[in-house]
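See structure below.
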Amino acid sequence: MRLRAVDVVDVFVYLVVLALFVQVFPDIIAESFVVSLLTAVLFKVALEVIAFLKSGILARVRAARTRVGTVLHAATLLLLGAGSKFLILWLTDVLFGDAVHLGGFFSVTLLIATLMLARIGLRLLVDRAWPPDGSA
């Protein structure tokens, strides 16, 4: 795995989004710039892993030959979608303790949805190889 320029830009976009959320939502707290930057790096790593897992499960949903298989894989996808928010909350708590507070499930869901939208927008602006199927 190699670090690309777009990955670094992702981290900076995540940093900006996190800083905006800290300013707008009083229940989201990051004590310093360095902590915010490290949190943005955590978001980048976690969201890349989650996106990779989701794409694999989505491929299984599409490839399922039975209705039971489709439902089972779709349920797994929904579980990962909800569970990923709790995973990010837990990782943030373990790594940063009281220095970062992302609010509750709904505020972190809004934050992550905004991060993912920012990532998609960034890819559309910067990375000419995205979307991966070449349908840009």
Item checked: Minimal non-hydrogen separation, Ala118 against Val13, with atom names -> CB-CG1, 3.5 Å

Item checked: Separation of Ser84 OG from Leu79 CG (nearest 0.5 Å) -> 9.5 Å

Next item on the list: Considering non-hydrogen atoms only, spot the tightest contact between Ser107 and Asp27 and give its length.
Entry: OG-OD2, 3.6 Å

Notebook entry, point to check: Is there a path from Val24 to Phe21 through hydrophobic residues (I, L, V, M, F, W, Y) whose side chains come within less than 4.5 Å of each other?
Noted result: yes

Notebook entry, point to check: What residues, two or more places apart in sequence or in another chain, satisfy side-chain contact (heavy atoms from CB on, under 4.5 Å) together with Leu115?
Noted result: Tyr14, Val17, Phe43, Leu47, Leu111

Next item on the list: Scan residues 28-44 for pairs that pass side chain to side chain donor-acceptor pair (under 3.5 Å), counting only residues two or more places apart or in two chains.
Entry: Asp7-Lys44, Asp10-Lys44, Lys44-Glu48

Note to self: As an exercise, state the distance from CD1 of Ile88 to NZ of Lys85, rounded to the nearest 0.5 Å.
What the structure shows: 7.0 Å

Next item on the list: Please check if Ile28 and Leu87 belong to a single hydrophobic cluster, counting links between Ile, Leu, Val, Met, Phe, Trp and Tyr side chain heavy atoms closer than 4.5 Å.
Entry: yes

Next item on the list: Answer with yes or no whether the hydrophobic clustering places Phe52 together with Ile112; edges join I, L, V, M, F, W, Y residues whose side-chain heavy atoms lie under 4.5 Å apart.
Entry: no

Checklist line | Nearest-0.5 Å distance that lies between atom CG in Leu38 and atom CG in Leu42 | finding: 9.0 Å

Next item on the list: Taking ring pair (Phe, Tyr, Trp, His ring centres under 6.0 Å) as the test, write out the residues that go with Phe96, two or more places apart.
Entry: none

Check: Could you state the interatomic distance from OG1 (Thr70) to CZ (Arg60), rounded to the nearest 0.5 Å?
Finding: 13.5 Å

Notebook entry, point to check: Val16 and Leu122: same hydrophobic cluster, using ILVMFWY side-chain contacts below 4.5 Å?
Noted result: no

Check: According to a 4.5 Å side-chain heavy-atom criterion applied to Ile, Leu, Val, Met, Phe, Trp and Tyr, with indirect links allowed, do Val8 and Val41 form part of one hydrophobic cluster?
Finding: yes

Item checked: Spacing of CD1 belonging to Ile50 relative to CG belonging to Leu80, to within rounding of 0.5 Å -> 6.5 Å

Notebook entry, point to check: Between CG of Leu102 and OG1 of Thr92, what distance do you get to the nearest 0.5 Å?
Noted result: 4.5 Å

